[in-house]
Amino acid sequence: MQESGTKKACDRCGTCCVKGGPSLHSEDLPLLESSRLRPEHLVTIRRGEPVFSLGGEKPEPAASEIIKLKGSGTEWICLFFQKKNAECTIYQNRPLECSRLKCWDTADLEKIAGRNLLRRSDLMAPGNPVLSYIATHEEKCSLENLDHLLASVKNRDSQKESLEELSLLVNMDLAIRSQACERLRLNVDLELFCFGRPLFKILEEFSICLQEESGRCTLALSAAASTFSPE
């Protein structure tokens, strides 16, 4: 349980909102059924994607699929946080985690962390054509082995082979997304919900950058320092 000094009430500092939007739980389903929240507002964290857990000091592979409120622009600041006035624009209809969060005492949040999480299939009608693309994407672009591949990239003996394997995954990831977006006319916002963040964007956080050669994407190590998305 985290306690923050003598603070006993929210003073609207906005720190929690700046660190990222909440994960959604089954208790949040009515917000989506009433369209107070829409798929365009969401991003999927796929199983195996590196994330920070509550109180974690380093990213660990996500144990399950997580649906989160998106960040604003290229940042992880919650989409519904108005930074100028430090206020939530959906406060009366905020998700469960937001209502449970007390930065000075995280006990209530810890009780629900990782439990009853919503999945993409919970928010789509059976027969939705995008479900077949999602299934193919999970089969051919699984992140289950990502943690091992990232560790192997740090080893000179296995670096080249690991980068080649990651390159294959990146190209497959982009190909499935492109086909789905073209045939189903998905915009970028819906793509982030349906397929999560592109793999090459995740790899950038580990100083692995994308290069294009003859119409094919390859990967190489960059000199940039690693940074990670909050969770």
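Predicted model, so just to flag it, every value in this text is computed and none were measured. Residues: numbered from 1 along the sequence shown.
Ile112 has its side chain within reach of His25: a pair of non-hydrogen atoms, C-beta onward, lies under 4.5 Å apart. Within the 4.5 Å cutoff, side-chain heavy atoms of Leu69 are placed close to those of Pro95. In this structure the side chain of Leu96 never reaches within 4.5 angstrom of the side chain of Pro22, judged on heavy atoms. The shortest distance between side-chain heavy atoms of Leu37 and Ile90 falls below 4.5 Å. Using a 4.5 Å cut-off on side-chain heavy atoms (C-beta onward), Ile67 and Asp122 make no contact. At a threshold of 4.5 Å between non-hydrogen side-chain atoms, the residues Leu192 and Thr44 do not count as touching. Side chains of Leu31 and Leu24 form no contact here, defined as non-hydrogen atoms less than 4.5 Å apart. Looking only at side-chain heavy atoms (C-beta outward), Asn171 and Thr218 stay at 4.5 Å or farther from each other.
Counted within 6.0 Å of CD on Glu182, heavy atoms from surrounding residues, nucleotides or ligands total 12 or fewer; the atom is thus considered open.
Listed for the Ser207 side chain is no donor-acceptor partner under 3.5 Å among the backbone atoms of Leu221. Under the 3.5 Å distance criterion, the side-chain polar atoms of Gln179 are left unmatched by any main-chain donor or acceptor of Ile176. Using modelled atom types, no side-chain atom of Asn116 and backbone atom of Ser26 make a donor-acceptor pair closer than 3.5 Å. Side chain of Ser178 to main chain of Leu174: no donor-acceptor pair is present (N/O by atom type, distance under 3.5 Å, no hydrogens or angles).
Considering Arg120, Lys68, His41 in turn, Arg120 is the only one that fulfils the side chain to side chain contact (heavy atoms under 4.5 Å, CB included) rule with Phe193.
Between Arg100 and Glu97 no salt bridge is recorded (no basic side-chain N to carboxylate O distance below 4.0 Å).
Shown here are the side chain to side chain contact (heavy atoms under 4.5 Å, CB included) partners of Lys154, two or more places apart in sequence or in another chain: there are none. Under the side chain to side chain contact (heavy atoms under 4.5 Å, CB included) criterion, Glu191 pairs with Arg177, Cys181, Phe195, Pro198, sequence neighbours left out.
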Next item on the list: List the steps, then state whether side-chain contact (heavy atoms from CB on, under 4.5 Å) holds for Arg38 with Leu32.
Entry: CA-CA 6 Å; Arg38 300 192 302 274; Leu32 290 138; 5.9 Å; no
